[in-house]
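Just below is one structure, and these are the notes that go with it.
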Amino acid sequence: MWWMILGIYVCSEGDRAELAADDLIQWKRHIEQVKAELLEQIQGVLGDLLDKAIKESVRSYSSHSRVDHRMEDGKVFMARRSVLDELFEINHIRTIYHMFIAALMVFIISTLAVDYIDQGRLVLEFDLLFYAFGKLPTVLWAWLIMFSYTLAGPYHALTLWGGLYHSSSVPGVLSLGVTLLLGALQACVLGVFPIYVVVRYQLPPASRFIIILEQVRALTEHSYSPGEAPKFPTFSSYLYFLFCPTLIYRESYPRNPYIRWNYVAVTFAKILGCLFYAYFVLVRLCIPALMNESIQPFSTRTLVLALFHATLPGMLILLLAFFAFLHCWLNAFAEMLRFADRMFYKDWWNSTSFANYYRTWNVVVHDWLYYYGYRDFLWLSRRRFRTAAMLSVFIVSAMVHEYVFTLCFGFFYPVMFCLFAVFGVVFNFTMNDKRKSPVWNIIMWTCLFIGQGVQVCLYCQEWHAQIHCPRTGSFWELVIPRSWSCN
């Protein structure tokens, strides 16, 4: 019996050792998880402290060297990664990203299944996508003309003016002549020419977006070299500025030591995936629901149902546009140019106020509006009309957005202008930075869902009306949405 008792004792000791080993492994995993969370919090705090320290140093240096006060707290470029690139290293966030990819696979499978049931064969057509990006050769040569002018025209005109200014006997006349000449060229090549190409060649929507967005980018490029004495940029610096993902000019930017071509290829593949994702969202979620509503008599109930049916696809399109352009497109060009400052956006999804959302959604455009719109307005008004400066920025942004949508869709329907200039201003002052509760983050997301539903619903209805409702030939049909009077 004694050997049986000894065997039981040995077995029990082995089980205890195994349990102790399991507990030790779980404890180590818990410690690693806590350590990772602490490191993330510490990195966030250190990053904020570093940003504040750099801004303070720039402020003190600017005041010490008596630089123009408009450049105080100027844009500071530093080597940093995009927020999503950092978040995707966390397993939990990467799983959410995988869920979106799985949803795309479901869209593809469902499309193939429905086509097979309806037609008896597998059909995967992308006719809507090919239509939207049609006439790309026209887009290419139009872009080449605009880029060639932007590269050669303003730079050489200002260089010529700078070389002749001090030796000229009439510098005022010379400055006026160069200003008028450059203004006329800007108006013709970057103002009228893109509109002519879009209207004359009847480009489809996505191709129009390429031309018009390039027009806006070329017009908003603002060259400014900080320092006590302004100097002309070198041609290589100016050429680099035309391609790098920023609208704030500097003679030099922080650069990475090498190019990760694998990262570039994967990023462009993600852009292509987003295009197909948006196509399936429109084809499977948006168009069928709105088509069913469009064949019913117009009523308040029909409009409300169409609006809420469009909230989910509208929000998905917004997220896809953000990820494809602000993350993938800008990061791809930044990587190819070794541009190290990847702060193209911040964590706007955590915003508890629309004021913070507007600052963090698109940092590239926000920086330009802030430094060359808001602060220049304050400088001209001697810092007395801050509210007027803020309103002017909102109005300019709303007008540019409406201009882009009007030309790209081919009709005037000021939905975007009203959302920016009316609701955007109201939300900016009511849902300000004093709102810190998580409830306000829920309210912000709810407003975004509804706003995207309004845009997708109304623009799709107007597009349908523009196609199926006959023209009357009057002037008022150009400024009054046709969907209001067409059954």
Side-chain angles (χ1 to χ4, degrees), residues 126 128-158 181-223 233 235-249 264-265 267-272 274-276 278-279 320-322 324-339 344 362 364-365 368 399-410:
F126 301 101
L128 181 61
L129 192 62
F130 291 138
Y131 159 74
F133 286 92
K135 301 184 180 180
L136 286 181
T138 303
V139 175
L140 180 60
W141 66 256
W143 177 85
L144 286 174
I145 291 176
M146 290 192 293
F147 176 76
S148 300
Y149 165 75
T150 306
L151 179 63
Y155 180 83
H156 291 294
L158 292 177
L181 176 62
L182 191 57
L185 289 174
Q186 291 279 104
C188 292
V189 181
L190 297 182
V192 177
F193 174 72
I195 301 176
Y196 170 79
V197 172
V198 164
V199 176
R200 170 66 177 78
Y201 293 94
Q202 290 296 301
L203 298 181
S207 299
R208 292 188 177 206
F209 266 102
I210 297 174
I211 295 293
I212 299 303
L213 290 180
E214 179 63 20
Q215 176 197 30
V216 173
R217 186 184 75 90
L219 290 173
T220 55
E221 284 172 341
H222 193 116
S223 297
F235 185 76
S236 60
S237 298
Y238 179 66
L239 178 61
Y240 183 86
F241 168 67
L242 291 181
F243 283 98
C244 72
T246 181
L247 298 175
I248 308 296
Y249 176 79
V264 175
T267 305
F268 277 118
K270 291 178 180 178
I271 296 174
L272 188 62
C274 288
L275 290 177
F276 286 107
Y279 168 80
L320 289 170
F322 158 76
F325 181 72
L326 292 177
H327 179 73
C328 294
W329 182 265
L330 297 183
N331 268 295
F333 272 86
E335 187 66 31
M336 289 188 292
L337 295 171
R338 297 191 292 116
F339 186 79
F344 308 126
N362 188 342
V364 177
V365 174
W368 189 90
M399 292 177 64
V400 172
H401 279 80
E402 188 57 43
Y403 167 79
V404 171
F405 273 60
T406 298
L407 282 179
C408 294
F409 288 144

Please determine whether the number of non-hydrogen atoms from other residues, nucleotides or ligands lying under 6.0 Å from atom CE of M399 exceeds 12.
no
Note: P204 and Y131 closest approach over all heavy atoms is CB-O, 3.0 Å
Short question: side chain of K135, backbone of Y201 - any donor-acceptor pair under 3.5 Å?
yes
Looking at L185 and Y149, what are the two nearest heavy atoms and their distance?
CB-OH, 3.4 Å
I want to know whether Y279 and F130 have ring centres closer than 6.0 Å.
no
Atom OG1 in T406, atom NE2 in H401: separation rounded to 0.5 Å?
12.5 Å
Report the distance from atom CZ of F344 to atom SG of C328, rounding to the nearest 0.5 Å.
11.5 Å
Going by the side chain to side chain contact (heavy atoms under 4.5 Å, CB included) test, name the single residue among I211, L213, I212 that passes it with F209.
L213
dist I271:CD1 -> L275:CG (nearest 0.5 Å) comes out at 8.0 Å
Please name the pair of heavy atoms, one in C408 and one in R208, separated by the smallest distance, quoted to 0.1 Å.
O-CD, 3.4 Å
Give the minimum heavy-atom separation between V189 and M146, together with the two atoms involved.
O-CG, 4.2 Å
Mind checking whether W143 and I210 have side chains closer than 4.5 Å, heavy atoms only?
no
Using side-chain heavy atoms (C-beta onward) and a distance below 4.5 Å, is Q186 in contact with L219?
yes
Exercise: identify the closest heavy-atom pair between L182 and P154:
CD1-CA, 3.8 Å
Would you confirm whether Y155, through its side chain, and L239, through its main-chain N or O, come within 3.5 Å as a donor-acceptor pair?
no
Taking all non-hydrogen atoms of both residues into account, name the closest pair between A278 and L320 and its distance.
N-CD1, 3.6 Å
With a 4.5 Å heavy-atom cut-off, do I195 and Y403 have their side chains touching?
yes
Specify whether F409 and F405 have parallel, tilted or perpendicular ring planes, treating 30° as the upper limit for parallel and 60° as the lower limit for perpendicular.
perpendicular
Check: V139 and F133 side chains under 4.5 Å, non-hydrogen atoms:
no
CZ of F241 to CD1 of I248, rounded to nearest 0.5 Å, is 7.5 Å
Backbone N/O of L242 and side chain of R217: donor-acceptor pair under 3.5 Å:
yes
First locate atom CZ of F243, then atom CZ of F333, and finally report the distance between them rounded to the nearest 0.5 Å.
7.5 Å
Quick check on side chain to side chain contact (heavy atoms under 4.5 Å, CB included): which of N331, L326, V364, L330 does P245 satisfy it with?
L330
Mind checking the OG1-CD spacing from T150 to Q215? Nearest 0.5 Å is all I need.
10.5 Å
